[in-house]
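Take a look at the structure below.
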Amino acid sequence: MATPLTITPRPLGRREAKERTAALLAERPDLAERLHRLRRLGREVRSCEVHLTNTCNIRCKGCWYFEGGFDTAVRELSDVDKIRSFARRLRDEGVNQATLIGGEPTLVLRRVEAFVEELPYITISTNGLRPMPVQGFEHIAVAVSIFGGGPLDDDLRAIRVNGSKFTGLFDTALSHYKDDPRVLFIFALSEAGLPYLEPTVRKIAENGNIVTFNFYSEHGSDNPIQIENERRVLEEALRVKEAYPEAVVSHPYFIRSLITGTSHWGARFGYDVCPSLSVDHPDHEERVANGNPVIPGFAAWGADYESLQFCCTSGDCGGCRDSQAVYSWLVVSASRFLDSAARLEEWVDIAESYWRQWHWSPYHASKLATP
């Protein structure tokens, strides 16, 4: 499933990174508290991902979950008491954040409740067709998917299980989540959807929500992350970010890495650097040992709540440019941003923008606005 390893310079050792950081903070003491706060949060939050259910109420084109056969790979557990015990075990092992995906989590609210009862930081990933209730779920984060924007979103996502089409999926999601601070729209950009990029972001901003960019990968196709005019896509995404700085929480550096797959230190995003893999999965022994950082203790669990999944998404590394995996790659690569104080400040900005996505995070606008 993994692509071959590519050789990139190893990150700095812990001691050298500590010495360089100290020297840069002596030059820029104003960065010290921001950096220390980010480090504290990074140590506090221990994450996992759970395939909450195999069931979904739509069939998006290019969905890695169904294209990869995840819906039939394991038998779904529906016993809520057992699911609650699983969440409690995660808590006892030090995990305090769970991203609940599917399938569609809004179809199995009692399972979401079980995680909310046991863990303080919960994010659900939803297609937006059904609303996530507020009562009992006031403090969770709700990540709503969009593919392409405008009418392209319906073309790619508004497909019933029986294959019939409908319209207005994005508008339905907007109506469910008007001025809802829990909500982050995750907007998967595509070259075909460029004319709809700004109008879609504008509607999200006017709806009182925030948005981060993702990359539309058409899983099941020959070239799922192919772009003919990469520069055009990048320029438009950066322009819209500048036009809607409060609504678009994606950092410009992240946007560049998402669209181009590149970094300033020469590494390209791929299996050998992606940190969002199940670190205890036996297939990752060589990857974990290659010197590039991973998310400590991260694991993705199947809908049987027993099977350890390959990574946070499809396992098709050559066809993946998942937004959260790319963001995590940049955040765990702090030692690559120590060649100057300006570069360190850039990493601090990137990391703060990453945490700004989630309603439960102290960096979320709803928390920063609190006196």
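Sequential numbering from 1 along the given sequence is applied to the chain's residues. Just the heavy atoms: all of them, side chains too, but no hydrogens, waters or symmetry mates, feed the values below.
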Taking atom types as modelled, is there a side-chain donor on [X] or [Y] under 3.5 Å from an acceptor on the other?
X	Y	value
Y271	R287	no
T53	E104	no
Y327	T212	no
N209	D180	no
W347	S333	no
R160	S164	yes

- Is R111 close enough and on-axis enough to F86, meaning under 6.0 Å and within 45°, for cation-pi? no

- Query: Just checking, R59 and F66: is the charged tip under 6.0 Å from the six-membered ring centre and within 45° of the axis?
  - Reply: yes

Out of curiosity, [X] [atom1] to [Y] [atom2], how far, rounded to the nearest 0.5 Å?
X	Y	atom1	atom2	answer
E235	E230	CD	CD	11.0 Å
R343	L338	CZ	CG	11.0 Å
L344	D339	CG	CG	9.5 Å
E118	R88	CD	CZ	4.5 Å
F170	S145	CZ	OG	12.0 Å
L258	S323	CG	OG	6.5 Å

Is the side chain of [X] donor-acceptor paired with the backbone N or O of [Y] at a distance under 3.5 Å, no angle test?
X	Y	value
N207	L174	yes
Y253	H264	yes
S263	A267	yes
N54	V74	yes
S257	T262	yes
H251	S353	no
R91	F115	no
Q357	Y354	yes
D154	L169	yes
Y244	V249	no

Show which side-chain atoms of residues 42-52 pair as donor or acceptor with protein atoms under 3.5 Å away, not counting sequence neighbours.
unit_1, atom_1, unit_2, atom_2, d
E44, OE2, Y121, OH, 2.4
R46, NH1, G42, O, 2.8
S47, OG, Q97, OE1, 2.9

- Message: Taking salt bridge (charged side-chain N to carboxylate O under 4.0 Å, His left out) as the definition, give me every residue that meets it alongside K203, ordered by chain and number, with sequence neighbours left out.
- Response: D171

- Output all residues satisfying salt bridge (charged side-chain N to carboxylate O under 4.0 Å, His left out) with D153, sequence neighbours left out; order by chain, then residue number. R157

- Message: If hydrophobic clusters are built by linking Ile, Leu, Val, Met, Phe, Trp and Tyr wherever their side-chain heavy atoms come under 4.5 Å apart, do V116 and L109 end up in the same one?
- Response: yes

Between [X] and [Y], what is the shortest heavy-atom contact and its length?
X	Y	value
P252	K241	CD-CE, 4.2 Å
I259	A237	CD1-CB, 3.9 Å
I204	I146	CD1-CD1, 3.7 Å
D304	R75	CB-O, 3.3 Å
S314	F70	O-CZ, 3.4 Å
G315	C311	N-SG, 3.4 Å

- Task: Could you walk me through whether D272 and N290 pass side-chain hydrogen bond (donor to acceptor under 3.5 Å, both in side chains), step by step?
- Result: CA-CA 8 Å; D272 58 323; N290 76 0; 5.5 Å; no

Between [X] and [Y], does any side-chain N to carboxylate O distance fall below 4.0 Å?
X	Y	result
R34	D349	yes
R89	E93	yes
E33	R37	no
R239	E198	yes

- Are L90 and W301 close enough, and set up right, to give a side chain to side chain contact (heavy atoms under 4.5 Å, CB included), and what steps lead you there? CA-CA 11 Å; L90 292 176; W301 299 97; 4.0 Å; yes

- Query: What do the steps show when you test F147 against F187 for side chain to side chain contact (heavy atoms under 4.5 Å, CB included), and what is the final call?
  - Reply: CA-CA 6 Å; F147 288 3; F187 184 0; over 6 Å; no

- Message: Angle between ring planes, F269 versus W329, binned at 30° and 60°: parallel, tilted or perpendicular?
- Response: tilted

- Message: Would R232 and E236 count as a salt bridge (Lys or Arg N to Asp or Glu O under 4.0 Å) here? Give the steps.
- Response: CA-CA 6 Å; R232 178 168 169 258; E236 180 64 3; over 6 Å; no

